[in-house]
Amino acid sequence: MSAIEFYDTRTRSRRAFAPITPGHVRMYSCGPTVYGPPHIGNLRSRLFSDLLKRFLLSEGFRVTHVINITDVGHLVSDADEGEDKIEAAARRTGKSAEEIAAHYTQVWRDDGAAVNCLPPEHNPKATEHIPEQIDLAKRLEAGGYLYRIEDGLYFDTSRFPRYAELAHLDLAGQAEGARIGVTAGKRNPADFAVWKFAEAGVQRQQEWDSPWGRGFPGWHLECSAMADRYLGHHFDIHTGGIDLASVHHTNEVAQSECGYGVHPWVEFWMHNEFLDMGSEKMSKSKGNVRTLSDLVEKGVDPLAFRYFFLQAHYRQQQSFSDEAIQSAATGYRRLQAVARELGVADAAAGEPTWGAEEAAAVAELRARFRAALADDLNAPKAMAVVWEVARHDRLSPAARRDLLRGFDAVLGLRLGEARLAVADESGQDPRIDGLLAERQAAKKARNFAEADRIRDALKAEGIEIVDTPAGPEWRRGKPA
RNA sequence: GGCGGCGUGGCCAAGUGGUAAGGCAUGAGCCUGCAAAGCUCUGACCCCCGGUUCGAAUCCGGGCGCCGCCUCCA
């Protein structure tokens, strides 16, 4: 078996992967800041970490996966100024910060479940780990990494020589650029807040006492503190969107390596690329973010989005468009049809038996599927193997069923399961079933005009009739 | 100004030195009362120009085009 290789952002290279503790992988994924609905780009990140986790599980590793919920401290704008996102949303809607956070945390969990992501072993909230964050800040203060200015406690990036390492930053070059805003009092442009002081006269909903006064933690602090709490000082994999590398992750590294005295803090940094939205580029300020619910409203099965995700490599920008998601939905539907016919989800099916020749073919396909994923998680290549099995005309149904079942443990497409999507159950509505019977009778009498009339009438209601070898079925889609 | 990525058939997308996976769509056929579904068949001068090589989509140089990050952002 070939070695597992993953691309690591820090070293900008693909390396053989092996967990620090044999047999046990510890990974951390940057989760949502819960001030608004997750969009499909966020979902790509979630799906990426889920695919990674499922693959590691299929390799026999025990996996401890942590995904944080950031429910405080993420500022609306520029470096370390502006309003806290959650406080801002609360003010805008008249709800409490807790209500906002609780609501969007639930949406995030529901979306993850809808696309069949495994729940993380730990899903810690920043507000429930304030002591851990204060502890880290104290460690940094003791090490002389912090300095205090008017609005908060800042990390002095010049004290950390490896600051630019993860994202390969050219700090001097950047400083010449016009886009770096400089907060008054900061020693270096890249310095960031570890603890922010509550402003006098401004009543925040979320603030805590600390050795430095009342306030709230800086955005990056919670990830370092919670990763440490659940995974220890040194762990295997940290994932997130590519945009997080240069600021958020860079700052996490600075805090963690200086605070906990480790290097490297994380063995593999894995970043997923963005969804390319083309002309309809998503922008929260423009209010045109696309969410999973938007897709569902258009009749797209959430798992069709998962299928869509699997069609491109995670480190490649993936073009999203209605046409692209619709073709994925079609492909997914067909794959499901095959899987159902094969009984992929039928628990009753016993251990398959096959001859030596077939066993060799099965082993070869299984090896290619596994090798594709071991090759820096090349999902599209693995999907090609899936289709090869789905359309194989020489393997026995039992062999194909067994292969697809094994593949799906990693893919998470719920292959072969009866899905209750928009439209599955037929035979549940007496009126429609009655009309269907009438149509059958008309067909039998070769009165096709009447048969088609019934079909058209139902279609006008958004109900589609499909004749199958087993008889007519109907399903309710969206009204045309 | 700095950092990084991409440009493969109508669309999405693998492939990083030996002459192009897969999905969707299109067209033709089979099936069907008609549809739908399903099945079979169907398509590529790999952005352009140079170079290296026995051999390049794959490496190098130069163009052109597109995108992301550096500021909250997956």
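Naming: A, B, ... by sequence-line order, numbering from 1 per chain.
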Write down the distance between CD (A:Q318) and P (B:C67), rounded to a whole number of angstrom.
18 Å

Which part of the nucleic acid, if any, lies within contact of A:L43, taking any heavy atom under 4.0 Å across all strands shown: a base, the sugar-phosphate backbone alone, or nothing?
nothing

Sugar-phosphate, base or nothing in reach of A:F48, heavy atoms under 4.0 Å:
nothing

Give a yes/no on whether any side-chain N or O of A:R391 is located under 4.0 angstrom from OP1 or OP2 of B:U40.
no

Watson-Crick or G-U wobble mate for B:G10, both contacts under 3.5 Å:
B:C24

Atom P, compared across B:U40 and B:G22: separation rounded to whole Å
13 Å

Could you tell me the Watson-Crick or G-U partner of B:G17, where both distances fall under 3.5 Å? Say none if there is no partner.
none

Nearest-nucleotide pick for A:F308, side chain only, options being B:A74, B:A14, B:C12:
B:C12

Pairing partner of B:C3, by Watson-Crick or G-U wobble and under 3.5 Å for both distances, is B:G68

Which nucleotide, B:C69, B:C11, B:G23, lies nearest any side-chain atom of A:Q311?
B:G23

What's A:R439 touching, base or sugar-phosphate or nothing? Going by heavy atoms closer than 4.0 Å.
base

Side chain of A:V247 only, please: which of B:A14, B:C70, B:G4 is the nearest?
B:C70

From the list B:C70, B:C11, B:G68, which nucleotide is the closest neighbour of the side chain of A:F274?
B:G68

One should read off an interatomic distance between A:D276 CG and A:Q318 CD, to the nearest 0.5 angstrom, of 10.0 Å

Tell which nucleotide pairs with B:C34, taking only Watson-Crick or G-U wobble pairs whose two distances are both under 3.5 angstrom.
none

Does a donor on one side chain and an acceptor on the other come within less than 3.5 Å for A:Q106 and A:D110?
yes

If I pick the C1' atom on B:C47 and the same atom on B:C6, what distance separates them, to the nearest angstrom?
12 Å

Please determine if a side-chain N or O atom of A:R333 lies less than 4.0 Å away from the OP1 or OP2 oxygen of B:A36.
no

Inter-nucleotide P distance (B:A36, B:G29), Å rounded
14 Å

Which part of the nucleic acid, if any, lies within contact of A:Q326, taking any heavy atom under 4.0 Å across all strands shown: a base, the sugar-phosphate backbone alone, or nothing?
nothing

Choose from B:G23, B:A74, B:A13 the nucleotide whose nearest atom is closest to any side-chain atom of A:P380.
B:A13

With a 3.5 Å limit on both atom pairs, tell me what B:C59 is paired to, counting Watson-Crick and G-U wobble, or say none.
B:G51

Would you classify A:R368 as touching base, sugar-phosphate or nothing, given that sugar-phosphate means primed atoms plus P, OP1 and OP2, and contacts are heavy atoms under 4.0 Å?
nothing

Side-chain N,O (A:R334) to OP1/OP2 (B:G38) below 4.0 Å
yes

Which nucleotide, B:G4, B:A74, B:G33, lies nearest any side-chain atom of A:R446?
B:G33

I'd like the C1' distance from B:G10 over to B:G51, given in whole Å.
34 Å

Heavy atoms only, 4.0 Å cut-off, all strands: where does A:Q316 land among base, sugar-phosphate and nothing?
sugar-phosphate

Is the base of B:G33 touched by the side chain of A:D452 through a donor-acceptor pair closer than 3.5 angstrom?
yes

If you assign A:G240 and A:A337 each to the RNA chain B nucleotide with the nearest heavy atom, which residue ends up on the more 5' nucleotide?
A:A337

Between B:G62 and B:C70, how many Å separate the two P atoms, rounded to a whole number?
27 Å

If you only use heavy atoms from C-beta on, which nucleotide in B:C12, B:G33, B:C70 is closest to the side chain of A:S246?
B:C70

Considering only B:G33, B:C11, B:G22, which nucleotide approaches the side chain of A:W387 most closely?
B:G22

Expressed in angstrom and rounded to an integer, what is the separation of A:E165 atom CD from B:C70 atom P?
20 Å

Does the separation of the ring centres of A:W195 and A:F216 fall below 6.0 angstrom?
no

Quick check: are there more than 12 heavy atoms from other residues, nucleotides or ligands sitting under 6.0 Å from CZ of A:R12?
yes

With a 3.5 Å limit on both atom pairs, tell me what B:C39 is paired to, counting Watson-Crick and G-U wobble, or say none.
B:G29

Nearest-nucleotide 5' precedence on RNA chain B, A:R315 against A:E388
A:R315

A:R455 vs B:A36: side-chain N/O to OP1/OP2 distance below 4.0 Å
no

Which nucleotide, B:G33, B:A74, B:C24, lies nearest any side-chain atom of A:L275?
B:A74

Please confirm whether the shortest side-chain N or O distance from A:N378 to OP1 or OP2 of B:A13 is below 4.0 Å.
no

Could you measure between the two C1' atoms, the one in B:C46 and the one in B:G7, and give it in whole Å?
10 Å

With rounding to the closest Å, how many angstrom separate the P atoms on B:C24 and B:G18?
29 Å

Return the value, rounded to whole Å, for the distance between atom CZ of A:R453 and atom C1' of B:G33.
17 Å

Any chance the rings of A:F320 and A:F308 have centres within less than 6.0 Å?
yes

Select base, sugar-phosphate, or nothing to describe what A:R14 touches, counting heavy atoms under 4.0 Å on all strands.
nothing

When we call it a touch if two heavy atoms are under 4.0 Å apart, what does A:H313 touch: a base, just sugar-phosphate, or nothing?
sugar-phosphate

Would you say the rings of A:F192 and A:H220 are close, in the sense that their centroids are separated by under 6.0 Å?
yes

Donor on one side chain, acceptor on other, A:H392 and A:E388, under 3.5 Å:
no

Rounded to whole angstroms, how far apart are CD on A:Q440 and C1' on B:A35?
14 Å

Nearest-0.5 Å distance, CG of residue A:D375 to OH of residue A:Y7
14.0 Å

